[in-house]
Amino acid sequence: MTSLKNDLFIRALLKQDVERTPVWMMRQAGRYLPEYRAVRSKAGSFMQLCTNPELACEVTLQPLERFAFDAAILFSDILTIPDAMGLGLSFAEGEGPQFAKPIRTAEDIKQLPIPDPESELRYVIDAVRLIKTNLQGRVPLIGFSGSPWTLATYMVEGKSSKSFQKVKSLMFEQPQLMHQMLDKLAQSVAAYLNAQIAAGADAVMVFDTWGGMLSHDDYLEFSLRYAKQVKDLLKLERDGQKIPAILFTKGGGLWLESMANIGYDGLGLDWQTDIAQARSRVGNQVALQGNMDPITLYAKPEVIREKVGKILHSYGQGSGHVFNLGHGILPDINPEHVKAMVDAVHELSPQYHTAG
């Protein structure tokens, strides 16, 4: 394992002492960067960019050339697993992801394979290897996947949804079928993340984008249960080094205690959760990642700095905080505003750490 020159992100997730709070940003390789848009244009389509390891590596590294982030995150998409299962993923301009063969019947679920990451998803694993080589230990590399529940929503709906009527109808009317599907997805997600770890990922993150759309009982049964199954199947060590795992449920503030009990090292927080309250509820069990409102980055740099300061103050003294947005950055944000956020974390956070 390449020794990391900057391991603040890993140490914070493991609640070890750090000199300052580490910072990275969901969707940090993305459309807000002109250099990303240039590569995306050269690739021809989003999917062609995702499936080309060299280009995926290039855009993964781009933000690190501009900003002093403390981690890189693999450039990919959360829907690679359903695509590898044969559902036919495409991205229509302005409409988001779509599947040519959405799940409609019990037979569809029975026929779903568990993809081999080194064959059907080889382009992702090759990208991890290439990024890791090119990083040369500069910062940790985060691998990721969508959660079983979130993947299921797209697979049943066939595209993005506001009501989630199809997937919830399946869940209510044929729960045993939904459990079969989620079990296959949990096995697939774990195999995929384990392959990313073996290829060089220094941490992994599970994105449960749509868990917050469920009722209390349904979240525990259909989302968190399978996030735990994934966690239990992960091989979170490589060459004697601990590989931290993060779970992020957008809208998950109601279930922080339950989330903290299933064994992840860190929990991602969206901006609707107060980080001081979150820490008082679960802070001794897990690290917390977050949680500035992404819309804050439209504000003037001095406002951004003020908001960063408030979040750092709210979390308070000690390690266990990874600064991030509460969801992904939006495409038309000024990159200079990202710099203002990163600079503010660097300048304002050392006072909260005894090592600083």
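Computed over heavy atoms, backbone and side chain alike; hydrogens, waters and symmetry mates excluded. Note that the coordinates shown come from a computational prediction; the quantities given were computed from them, not determined experimentally.
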* Begin from the C-alpha positions of Trp24 and Phe69 and carry the test ring-ring contact (aromatic ring centres under 6.0 Å, His included) through to its verdict. => CA-CA 5 Å; Trp24 71 279; Phe69 284 129; 8.2 Å; no
* Asked: Under 4.5 Å between any side-chain heavy atoms of Ile73 and Phe144, yes or no?
  -> yes
* Asked: Looking only at side chains, do Asp17 and Ser319 share a donor and an acceptor under 3.5 Å apart?
  -> no
* **Residues Lys132, Asp202; criterion salt bridge (Lys or Arg N to Asp or Glu O under 4.0 Å); working and verdict** => CA-CA 9 Å; Lys132 186 66 177 172; Asp202 300 295; 2.7 Å; yes
* Heavy-atom neighbours of Asp332 CG exceed 12 at 6.0 Å -> yes
* Asked: Side-chain contact, heavy-atom cut-off 4.5 Å: Leu141 with Leu135?
  -> yes
* **Single-linkage hydrophobic cluster, 4.5 Å side-chain cutoff, Leu130 and Ile197 together** => no
* Asked: Step by step, would you call Tyr219 with Ser258 a side-chain hydrogen bond (donor to acceptor under 3.5 Å, both in side chains)?
  -> CA-CA 10 Å; Tyr219 174 76; Ser258 298; over 6 Å; no
* Heavy-atom side-chain contact between Gln229 and Asp232 under 4.5 Å -> no
* Measure from the side-chain N and O atoms of Asp7 to the backbone N and O of Ile10, and report whether any donor-acceptor pair falls under 3.5 Å. => no
* To do: Check whether the side chains of Thr80 and Asp83 place a donor and an acceptor atom closer than 3.5 Å, and report yes or no.
  => no
* Rounded distance (nearest 0.5 Å) linking atom OG1 of Thr249 with atom CG of Leu256 -> 9.0 Å
* Checking side-chain contact (heavy atoms from CB on, under 4.5 Å) for the pair Asn324/Val23: CA distance, chi angles, key distance, verdict? -> CA-CA 6 Å; Asn324 207 314; Val23 54; over 6 Å; no
* Asked: Is a side-chain donor-acceptor pair under 3.5 Å present for Gln111 with Glu107?
  -> yes
* Asked: Does the side chain of Asp274 reach to within under 4.5 Å of the side chain of Asn291, using non-hydrogen atoms?
  -> no
* To do: To the nearest 0.5 angstrom, please state how far the CG atom of Leu4 sits from the CZ atom of Arg11.
  => 10.5 Å
* To do: Would you name the heavy atoms of Lys235 and Asn194 that are closest together and state the gap between them?
  => N-OD1, 2.7 Å
* Does a donor on one side chain sit under 3.5 Å from an acceptor on the other, for Ser280 and Gln277? -> no
* Evaluate the side-chain hydrogen bond (donor to acceptor under 3.5 Å, both in side chains) criterion for residues Thr150 and Ser147: first the C-alpha distance (whole Å), next the side-chain angles of each, then the deciding distance (0.1 Å), finally the verdict. => CA-CA 5 Å; Thr150 289; Ser147 72; 3.2 Å; yes
* Hey, are the side chains of Tyr264 and Val230 touching, using non-hydrogen atoms and a 4.5 Å cut-off? -> yes
* Structure fact -> Closest non-hydrogen contact found for Ser188 with Ile114 is OG-CG2, 3.5 Å
* To do: Measure the spacing between CD of Gln196 and OG of Ser76 and express it to the nearest 0.5 Å.
  => 7.5 Å
* To do: Check whether any side-chain heavy atom of Leu267 sits under 4.5 Å from a side-chain heavy atom of Phe248, and report yes or no.
  => no
* Structure fact -> Closest non-hydrogen contact found for Asp270 with Gly252 is OD2-N, 4.0 Å
* Structure fact -> Taken to the nearest 0.5 Å, the spacing of Leu247 CG from Gln289 CD works out to 11.0 Å
* Could you tell me which non-hydrogen atom of Gly318 sits nearest to which non-hydrogen atom of His353, and how far apart they are? => O-CE1, 3.3 Å
* Report yes or no: does Gln62 contribute a side-chain atom to a donor-acceptor pair with the main-chain N or O of Glu35 at less than 3.5 Å? => yes
* Asked: Would a distance-only check, ignoring hydrogens and angles, find a side-chain to backbone donor-acceptor pair under 3.5 Å from His346 to Ala68?
  -> yes
* To do: Using a strict 4.0 Å threshold on nitrogen-to-oxygen distance, state whether Lys242 and Asp265 make a salt bridge.
  => yes
* Side-chain contact test, heavy atoms from C-beta onward, threshold under 4.5 Å: evaluate it for Tyr352 versus Tyr315 and give yes or no. => no
* To do: Would you verify whether the NZ or CZ of Arg31 falls within 45 degrees of the ring axis of Tyr36 while also being under 6.0 Å from that six-membered ring's centre?
  => no
* Can you list the residues that meet the ring-ring contact (aromatic ring centres under 6.0 Å, His included) rule with His179, with sequence neighbours excluded? -> Phe222, Tyr226
* Does NZ in Lys168 sit with more than 12 non-hydrogen atoms of other residues, nucleotides or ligands closer than 6.0 Å? -> yes
* Asked: Ion pair present between Arg138 and Asp70, side-chain N to carboxylate O less than 4.0 angstrom?
  -> no
* **Evaluation steps, side-chain contact (heavy atoms from CB on, under 4.5 Å), between Leu112 and Met155** => CA-CA 11 Å; Leu112 283 174; Met155 292 165 71; 3.8 Å; yes
* Asked: Under the 3.5 angstrom rule, does the side chain of Glu58 hit a backbone N or O of Leu55 as a donor-acceptor pair?
  -> no
* Full working for salt bridge (Lys or Arg N to Asp or Glu O under 4.0 Å) between Glu347 and Lys339 -> CA-CA 12 Å; Glu347 292 164 20; Lys339 185 176 186 302; over 6 Å; no
* Could you go step by step and tell me if Met171 and Leu214 meet the side-chain contact (heavy atoms from CB on, under 4.5 Å) rule? -> CA-CA 11 Å; Met171 179 183 78; Leu214 291 166; 3.8 Å; yes
* Asked: Should Trp271 and Ile311 be regarded as members of a common hydrophobic cluster, given that ILVMFWY residues are connected when their side-chain heavy atoms come within less than 4.5 Å of each other, either directly or indirectly?
  -> no
* To do: Look at the side chain of His321 and the backbone N and O of Leu288, then say whether any donor-acceptor pair between them is shorter than 3.5 Å.
  => no
* Asked: Do you know which of Ile109, Leu170, Asp183 makes side chain to side chain contact (heavy atoms under 4.5 Å, CB included) with Met178?
  -> Leu170
* Asked: What is the minimum heavy-atom distance between Val128 and Ala201, and which atoms define it?
  -> CG1-N, 3.9 Å
* Are Tyr32 and Leu330 close enough that some pair of their side-chain heavy atoms sits under 4.5 Å apart? -> no
* Structure fact -> CG of Asn334 to CG of Leu297, rounded to nearest 0.5 Å, is 9.5 Å
* Asked: Shortest non-hydrogen contact from Glu157 to Gln165?
  -> OE2-N, 3.3 Å
* Worked verdict on Val206 versus Ile246 for side-chain contact (heavy atoms from CB on, under 4.5 Å) -> CA-CA 6 Å; Val206 175; Ile246 307 165; over 6 Å; no
* To do: Take Lys228 and Glu221 through the test salt bridge (Lys or Arg N to Asp or Glu O under 4.0 Å) and record every step on the way to the result.
  => CA-CA 11 Å; Lys228 181 181 187 300; Glu221 182 176 354; over 6 Å; no
* Asked: Roughly how far apart are Arg40 CZ and Gln48 CD, rounded to 0.5 Å?
  -> 9.0 Å
* With the threshold set at 4.0 Å, does a side-chain nitrogen-carboxylate oxygen contact exist between Arg104 and Asp108? -> no
* Okay, side chain of Ser349, backbone of Val345: is any donor-acceptor separation there less than 3.5 Å? -> yes
* Asked: Do Glu118 and Arg129 meet the salt-bridge criterion of a basic N to acidic O distance under 4.0 Å?
  -> yes
* Pick one: which of Ile329, Ile304, Thr296 meets side chain to side chain contact (heavy atoms under 4.5 Å, CB included) with Met341? -> Ile304
